[in-house]
Amino acid sequence: MTQTQEPKERTRIERYDPAAIEPRWQARWEELGLHKTDLQNARDRYYLLTMYPYPSGDIHIGHWYIKTPTDAIARFQRMHGKNVFLPIGFDAFGLPAENAAIRQKINPREWTMSNVANMRRQLRQMGATFDWDAEVVTCDPEYYRWNQWFFLKFLEAGLAYRQKSAVDWCPNDGTLAREQVEGAERRCWRCGAKVEKRELDQWYLRVTKYADELLDFSEIQFPDPVRIMQTNWIGRSEGGEIVFEAAPSADGSRPGGEEIRVFTTRPDTLFGATFMVLAPEHPLVAELTAPERRAEVAAYVREAQDATEIERLSTEREKTGVAIGADAINPVNGERIPIFVADYVLAGYGTGAIMAVPAHDERDFEFAQRFGLPVRQVVAPAGAPVSRDAAMSQAYVAHSDDEVLINSGEFTGLPADEGGRAIVGWLEAQGKGKPAVTYRLRDWLISRQRYWGTPIPVIHCPTHGIVPVPEKDLPVLLPDTVDYAGVGVNPLTRDEQFLNVPCPIDGEPARRETDTMDTFIDSSWYWYRYLSPRKQDGPIDPELVEAWTPVEQYTGGAEHAVMHLLYAREFTKMLRDLGLVQQNEPWKRVFNQGQILGADGERMSKSRGNVQDPDELVRQYGADTVRLFLMFMGPWDQGGPWSPTGIGGVHRFLNRVWALTLDPHAREPGDPDAGTLPEGQDETAARAALRAATHRTLRDVTADYEAFHFNTMVAKLMELSNTLFRYRGTSVAGGPEWDEAVRLLLLMLAPAAPHITEELWARRLAARGEAWSSIHRESWPEVDEAAARESTREVPVQVNGKVRDRVTVPADADAAAIEAAVLASPRIQQLLAGRTPDRIIHAGGGKLVNLVVRG
RNA sequence: GCCGGAGUGGCGGAAUGGCAGACGCGGCCGACUUAAACUCGGCUGCCCGCGAGGGCGUGCGGGUUCGAAUCCCGCCUUCGGCACCA
């Protein structure tokens, strides 16, 4: 096809100016109520939840990374006829507000609420369809009063209780969070004082009650890593609880007989127990320690308090411990074994005491080596049931089906598993043991010695002890004026107005609880509150909760894989047991995004100074480009260091979509082929090719949206726009296939880049004299499979696994036809040089052919 | 340390048992322009070769397979979490 016309100068079309169109459409959408959800109509409901932000002050690019693809999902689902509910709120209690208050002498509420106001404004710039009518701010008494109400219900149901627990304590600043304890020296971040451990009475929620149920993921779709991490976090182990007794002391001063319970996953190794270890915090340590050992043991126990749990559990760190100068009696054989105290045993796990079997446990082995303790093998492979006591250079921990007990008295010779059960059975008959299950999961410590949180609604009465605040007196308000007095200690503890309160029972003077709740309480039910944020007579609206939850899809950062995502499941089960909700799980599906790090590869935070502000990028390129770039950067679940490199390419793409839609006939002076169809295509072929490209793109893009593969979704739309650019200015441009392609391109792009597509859609309609309606109210288009099909395809041909040629065959060619085409290829004939392939492999239904030639 | 993820051109990444490097950035060349920018077109993993073509190549070392970025075993590096940051 020859080009007869001179290429004319590019038509002057109006420039793509996001700053001019974006605010206009955002205002229009608000008028239209595009973001509003009719909650009374739960037909085709789609509750889309995104983790509410902490109001740190500014929205940064990381918030956009989480929120804008979520908005694209919302818009995509609306185009599928769903009634989408996409609420937003603020996780407004927590440490940073207090830090700001202490440092800058600002009221935490003022600091928080001014940040909220700023972030509301910034969130609106995304062009996201958040339903602001549903907004929840957790530091609002109308929200946190219900935390208190739930707490009272938990208390009544026996799900909340009080117990002593150690905190990191600074003599000047009180309880410290982990991040406030600095360095190996463990010093206070504010005053530099040495941090101690202090035992405080604190509030717990009895969530271990749900441990087994939490291991059942059948009603919640988690990404595999999250499911695995939660499973490991809960850490169910089966085994036995075995009762050892303290032996009479050597000097005869103590008769012995104190019970020392141990938990073991390996009761089969009981005959190999050569010593016993108590956690430094174990209550029997003080009781059993021999007088001459007391000084050393006390010193060790003090030292152990300085180590973090992570350090204590490290398998790399050299084992430490001291003998307490007392023995225990192994119930299975009456042997006396020495008792040690060592920090690799934790008070909070199992019974806080272990029987040590160095032959079959790595940590015990290491400890035995260090202290010259005997190692006795009691389990061996069935084929070689001989003791290797002297020869063992490491613990034999392998636990297969094919092992037998040795050196185990009457149990010798039994298969290990069976032997373990037999030993527990025998002990049970003696009243010295029983089968047991232990979990790594601990009850939820909700007490915080802080001001900026939900006050725990109880009163301490000298006569009646702990008295719940009567429901009618809720909320227990945080005092508005707060004096930090320049220290980190919870100011509630010196606020006499807050503290002094009459006992609800007898009216006598009593004192309020000053601990506040963990902010993970706030985030454990906020999606229920979104459904009725201003409800006065209860925390949630049971009918709406029933109609709209479990949440269809929850999106948020992968850093919450265990804690928040587990606490909220626990909370839901507690609410269910109180009869408040009818569901086992809060959400049906969860997707975890990766995290956007600062340009330095570190977590974005104000203190590091690596926060990327999106405002500047929005000014330069517009919200659509920023949204699309964040989706295009890489897989959504991956995240990575922030870099704006490449954002220009995305902006160029939008400019090309603009030009294609408004000016299909333009010919680029820089393109030597401008206005001509691709070689080998007549007009009919070109029209079919364009249509095939359009519908293949639609098919793939639809699948990508559904799988949240936004990066490849954008890539495929870029490809389609490149194809359209190739046909721009040709005889095909502006024709029905072209028109369909542009229409579908805009529809496919609409969820991701809502403003530019709305603008172009409006102009298209106007150009055709049709009445305006929003592109975001259009239906998602249907794929025409017949059009997407191609008539021929290329089959790569390998010889011994290396691609050497490609043959083109009809799309419906069968294996025999492909084989014939392959063997007819001159290049393949030349490579075969007369040899016959030993095997011909047709892979993936004719996707590829591999000729295997030996010799 | 323990649990989980990731490692592919100069860069972000695509391909999850079948053509490695889609798409984009950057770079080079060209068109347009008085010029530059913008815009448009072409090329662009590395090495050898004028070319046709050949060799190498997905963190490292092994293995399974006709065929491995993808599965298995053993490492290394890095990121997230480890219960009071949210």
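Everything numeric in this text was worked out from a predicted model, so none of it was measured. Here is how names work: the chains are called A, B, and so on, in the same order as the sequence lines, proteins then strands, and each is numbered from 1.
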Which nucleotide in the list [options] gets nearest to the side chain of [X]?
X	options	answer
A:Glu179	B:G18, B:G4, B:C85	B:C85
A:Met563	B:G81, B:G53, B:C23	B:G81
A:Ala843	B:C84, B:G18, B:A86	B:G18
A:Leu597	B:G80, B:C23, B:C84	B:G80
A:His560	B:G4, B:A86, B:C84	B:A86
A:Thr645	B:C84, B:G24, B:C25	B:C25
A:Phe725	B:G41, B:C85, B:C66	B:G41

Next item on the list: Nearest-nucleotide wise, let me know which of A:His709 and A:Val714 is further upstream toward the 5' end of RNA chain B.
Entry: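 Result of the comparison: A:His709.
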Margin query: On RNA chain B, does the nearest nucleotide to A:Glu719 precede the nearest nucleotide to A:Asp637 from the 5' side, or the other way round? Give the residue.
Written below: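 On the 5' side of the pair lies A:Asp637.
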State the pairing partner of [N]; accept Watson-Crick or G-U wobble contacts with both distances under 3.5 Å, and report none otherwise.
N	result
B:U65	none
B:G12	B:C23
B:A6	B:U77
B:C28	B:G42
B:G1	B:C82

Check: Distance check: side-chain N/O of A:Arg804 vs OP1/OP2 of B:G67, anything under 4.0 Å?
Finding: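 Looking at the OP1 and OP2 atoms of B:G67, neither is under 4.0 Å from any side-chain N or O of A:Arg804.
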Item checked: A:Arg728 NZ/CZ over A:Phe725 ring centroid, <6.0 Å and within 45° of normal ->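 Here A:Arg728 passes the 6.0 Å and 45° test against A:Phe725.
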Item checked: A:Trp233 six-ring centre to A:Arg440 NZ/CZ under 6.0 Å and within 45° of normal ->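 Yes; both conditions hold, so A:Arg440 lies above the ring face of A:Trp233.
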Heavy atoms only, 4.0 Å cut-off, all strands: where does [X] land among base, sugar-phosphate and nothing?
X	value
A:Ser447	base
A:Val167	base
A:Arg652	sugar-phosphate
A:Glu362	nothing
A:Gln798	base
A:Gln638	sugar-phosphate
A:Trp233	base

Next item on the list: State whether the distance check finds a donor on one side and an acceptor on the other, under 3.5 Å, for side chain A:Glu559 versus base B:C85.
Entry: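 Checked by distance alone, the answer is no.
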Margin query: Regarding B:C66, can its base be found pairing with the side chain of A:Asn850 as donor and acceptor, where the two atoms are less than 3.5 Å apart?
Written below: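 Checked by distance alone, the answer is yes.
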Next item on the list: Could you pull out all residues at least two apart from A:Trp189 that satisfy ring-ring contact (aromatic ring centres under 6.0 Å, His included)?
Entry: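 Residues passing ring-ring contact (aromatic ring centres under 6.0 Å, His included) with A:Trp189: none at all.
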Could you go through residues 591-599 of chain A and list every donor-acceptor pair under 3.5 Å that involves a side-chain atom there, pairing it with any protein atom two or more places apart or in another chain?
unit_1	atom_1	unit_2	atom_2	d
A:Asn592	ND2	A:Gly556	O	3.2
A:Asn592	ND2	A:Gly557	O	3.4

Next item on the list: Based on the glycosidic angle (syn within 90° of 0, else anti), state the conformation of B:G55.
Entry: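 In terms of base orientation relative to the sugar, B:G55 is anti.
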Notebook entry, point to check: Name the one of A:Thr493, A:Asp515, A:Thr514 that satisfies side chain to side chain donor-acceptor pair (under 3.5 Å) with A:Gln449?
Noted result: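 Of A:Thr493, A:Asp515, A:Thr514, side chain to side chain donor-acceptor pair (under 3.5 Å) with A:Gln449 is met by A:Asp515 alone.
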